**Student:** 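Have a look at the structure that comes next, please.
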There are 2 protein chains.
Amino acid sequence: MNPEDYSEIFKALSHPLRLKIACGLLHKGKCNVNTMVERLGESQSLISQHLNILKKSGIIKGYREGNIIWYRLENELAAKLLKNIELKLCD
Amino acid sequence: MNPEDYSEIFKALSHPLRLKIACGLLHKGKCNVNTMVERLGESQSLISQHLNILKKSGIIKGYREGNIIWYRLENELAAKLLKNIELKLCD
DNA sequence: TGACAATATTAGAATATTATAATATACTAA
DNA sequence: TTAGTATATTATAATATTCTAATATTGTCA
């Protein structure tokens, strides 16, 4: 991991909505898009776009189960970083 | 601290150069601008601009000592986050 | 004071990010 | 197959970030 790699993780977490999503996943374990849409009160498109950014940075992964895609946190560094954040942020 | 506050800290650390600066300060304790310029091989203006971003986010503070300004990490959350990063990044 | 050293600020072009709106894709069940 | 549900993608306008080059500020010392 070089500085660029590290800063990419920080960058992925540098948006309030992505931070909420990632933090939620840390504590809930998994979540699907529509549930995030409801919980976070943002449009489906916006949630999906931000999920994509988290996905591209390697922080989360999606697993399809029939009609639904479950997202999970899949990055140890991100998990460690998120543990420094107060819980009440997360749902 | 709300999600926006947290994400600002991440944002400040989301650039490779700022991450190097902050990580350097974590481990060296303090540093002045010209030393950073030499160590990081970037222009004085660029270093100064990025220091300003770190300063505005409340991650670092500068203390003048005559002609020189010493920068220090002054944020507990940032310090905790940076401790999750491999040391060899830091000088 | 004037010259110099250390640092900050500004302007501007190039590029990246963000949110909205509209549309597309993938799967399920009837 | 068709309708419906869940999610992804695309285009676009607005805004923000980044870097470079030039200039300004602040403090020291002769």
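As the structure is a computational prediction, the values presented were derived from the model and not from experiment. We name chains A, B, ... by the order of the sequence lines, and we start the count at 1 in each one.
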**Student:** Between C:dA19, D:dT18, D:dA6, which nucleotide has the shortest distance from any of its atoms to the side chain of B:Arg18?
**Tutor:** D:dT18
**Student:** Taking side-chain contact (heavy atoms from CB on, under 4.5 Å) as the test, write out the residues that go with B:Lys56, two or more places apart.
**Tutor:**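 Applying side-chain contact (heavy atoms from CB on, under 4.5 Å) to B:Lys56 gives B:Asn52.
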**Student:** Looking only at non-hydrogen atoms, find the nearest pair between B:Ile9 and B:Ser57 and report the distance.
**Tutor:**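 Closest approach of B:Ile9 to B:Ser57, heavy atoms only: CD1-O, 3.8 Å.
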**Student:** Rounding to a whole Å, what distance do you find between B:Ile68:CD1 and D:dT26:C1'?
**Tutor:** 13 Å
**Student:** Please go through B:Ile68's hydrophobic cluster and name the other residues, only I, L, V, M, F, W, Y counting, with side-chain heavy atoms under 4.5 Å joining them.
**Tutor:** B:Trp70
**Student:** Any side-chain N or O of B:Asn32 under 4.0 Å from OP1/OP2 of C:dT7?
**Tutor:** yes
**Student:** According to a strict under-4.0 Å criterion, is A:Tyr71 in side-chain N/O contact with OP1 or OP2 of D:dA6?
**Tutor:** no
**Student:** At a heavy-atom distance below 4.0 Å, what parts of residues 48-56 of chain B sit against DNA chain C?
**Tutor:** B:Ser48, B:Gln49, B:Asn52, B:Lys55
**Student:** Could you run down nucleotides 22-30 of chain C 5' to 3' and tag each one B, S or - for protein heavy-atom contact under 4.0 Å?
**Tutor:** B---SBS--
**Student:** With a cutoff of under 4.5 Å between side-chain heavy atoms, which Ile, Leu, Val, Met, Phe, Trp and Tyr residues group with A:Ile53?
**Tutor:**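 Same cluster as A:Ile53: nobody, lone residue.
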**Student:** Please give, in whole Å, the distance from C:dT18 C1' to B:Glu8 CD?
**Tutor:**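 Distance, rounded to whole Å: 16 Å.
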**Student:** How would you list, by chain and number, every residue that makes a side-chain contact (heavy atoms from CB on, under 4.5 Å) with A:Gln49, sequence neighbours excluded?
**Tutor:**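 Once residues adjacent in sequence are excluded, the partners of A:Gln49 under the side-chain contact (heavy atoms from CB on, under 4.5 Å) criterion are A:Ser45.
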**Student:** Mind checking A:Ile69 for me? I need base, sugar-phosphate or nothing, with any heavy atom below 4.0 Å counting as a touch.
**Tutor:** sugar-phosphate
**Student:** Measure NE2/B:His15 against C1'/C:dT17 and give the value in whole Å, please.
**Tutor:**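 Whole-Å distance recorded here is 14 Å.
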**Student:** Atom CG of A:Leu46 to atom P of D:dA11: distance rounded to whole Å?
**Tutor:** 18 Å
**Student:** Whether A:Lys11 contacts C:dT17 is assessed here as follows: a side-chain N or O lying under 4.0 Å from the phosphate OP1 or OP2. Is that the case?
**Tutor:**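 Answer is yes, contact under 4.0 Å.
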**Student:** Output the rounded distance in Å from OH (A:Tyr63) to P (D:dT7).
**Tutor:** 16 Å
**Student:** Sequence neighbours excluded, which residues qualify as side chain to side chain donor-acceptor pair (under 3.5 Å) partners of A:Glu74?
**Tutor:** A:Tyr63
**Student:** Nearest whole angstrom, please: distance from the P of C:dT20 to the CG of A:Leu17.
**Tutor:**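 Atom-to-atom, A:Leu17 to C:dT20, this comes out as 11 Å.
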**Student:** For the side chain of A:Asn34, counting heavy atoms from C-beta on, which of D:dC19, D:dA6, C:dA8 is nearest?
**Tutor:** D:dA6
**Student:** Which atom pair, heavy atoms only, marks the closest approach of B:Arg18 to B:Lys11?
**Tutor:**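 Closest heavy-atom pair between B:Arg18 and B:Lys11: NH2-O, 3.3 Å.
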**Student:** Could I get the full list of side-chain contact (heavy atoms from CB on, under 4.5 Å) partners for B:Asn67, not counting sequence neighbours?
**Tutor:** none
**Student:** Just jot down the side-chain contact (heavy atoms from CB on, under 4.5 Å) partners of A:Ile69, sequence neighbours excluded, or say none.
**Tutor:**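 For A:Ile69 the side-chain contact (heavy atoms from CB on, under 4.5 Å) partners, ignoring immediate neighbours, are A:Arg64, A:Tyr71.
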